[in-house]
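Whatever order the structure lists them in is the order used to number ligands and atoms, beginning at 1. The model shown is predicted, which means the values in this text are computed figures rather than measured ones.
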Amino acid sequence: IGVIDSGVGGLTVAKQIMKLLPEETIYYIGDTARCPYGPRSRKEVREFTWQMAEALRDMGVKMLVIACNTATAVALHSLQKHMPFPVLGVINAGARAAIKKTKTHEIVVLATEGTVKSGAYEEAVLSLSTSSRVIPLACPTFVPLVESGEYRSDFATQLIAEGLEPLRDERFDTVILGCTHYPILQKQIEAAVGPNVTVLSSAEETAYDVDHYLTYNHELATNQAPQHKFFATGSVPIFRSIAEDWLELGELHIEKIQLPYKK
Ligand code: DGL
């Protein structure tokens, strides 16, 4: 299963897939050299996402998960149309998770500028429940915090509190972590919004989507030990320290990759 993201964020989705489907091998690409995608143009994000998908196509994956909301918002449909395997995104999964949980139907979406501008979450939530109200908030400082590996510092707690300040007068009972980097900051985000709010991500629902697809198509891996491989376009040591901390799988196979990829 191929999994792609602008950086380390998609590891939050990969972790859930590994938990649910422990015999599946994951090939993960993090475009850390060009992260963040959030402030980039749609055209650029689409081009970079295509480069990752093509690399994994050339490595022979059987399906692809775009574990990046910003990339899902701009590239899901074109990749679904043109890749020779199924392609799943994370936005519908995140919207579904929220609709299952919310009681008041007042839902905050924390995401990158790109995802917020795309309106993709409003569309996905409203397609499931027309009576819901979506309150989007771009949090441009969060991704650099995660990519720098500083996510457990006091500075992180302070920056998160500041980033969520615009929600002070809003009423809501559910927060969607609409960027796959944010579950790495989940504890601090939960502390900032208080105990009466459910904070959730798309990771679990996305893993269920992968499971459903593979089960339905009789393509589940069985009786094999996974041979995960991770590829980063930027620093391998920084990627390693975050990936090993987050996945808790011991030493990982990580390689540097250049995009566009040449076989
Ligand atoms: N992790 C990504 C997302 O889910 C993108 C973060 C970024 O590169 O700005 O949107």
Legend entry - Transitive ILVMFWY cluster of Y216, excluding itself - 4.5 Å side-chain cut-off: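 Other cluster members: none.
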
Legend entry - side chain to side chain donor-acceptor pair (under 3.5 Å), paired with E190, selected from Q186, Q188, K187: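 When Q186, Q188, K187 are each tested with E190, the side chain to side chain donor-acceptor pair (under 3.5 Å) holds only for Q186.
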
Inset, instruction - Please state whether the rings of Y28 and F230 are parallel, tilted or perpendicular, taking 30° and 60° as the class boundaries. - result: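 Judged by the thresholds at 30° and 60°, the geometry between Y28 and F230 is tilted.
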
Inset, instruction - Check the angle between the aromatic planes of Y182 and F142 and answer parallel, tilted or perpendicular using the 30° and 60° thresholds. - result: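 Perpendicular, since the angle between the ring planes exceeds 60°.
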
Legend entry - Neighbour list for ligand 1 [protein residues, heavy atom under 4.0 Å]: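 Shell around ligand 1 (4.0 Å, heavy atoms): D5, S6, C35, P36, Y37, G38, C68, N69, T70, T112, V143, C179, T180, H181.
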
Legend entry - Residues D209, R96; criterion salt bridge (charged side-chain N to carboxylate O under 4.0 Å, His left out); working and verdict: CA-CA 11 Å; D209 284 347; R96 206 183 321 129; 3.0 Å; yes

Legend entry - Side-chain donor/acceptor of D245 to backbone N/O of S241, under 3.5 Å: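 Judged by distance alone, no pair lies under 3.5 Å.
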
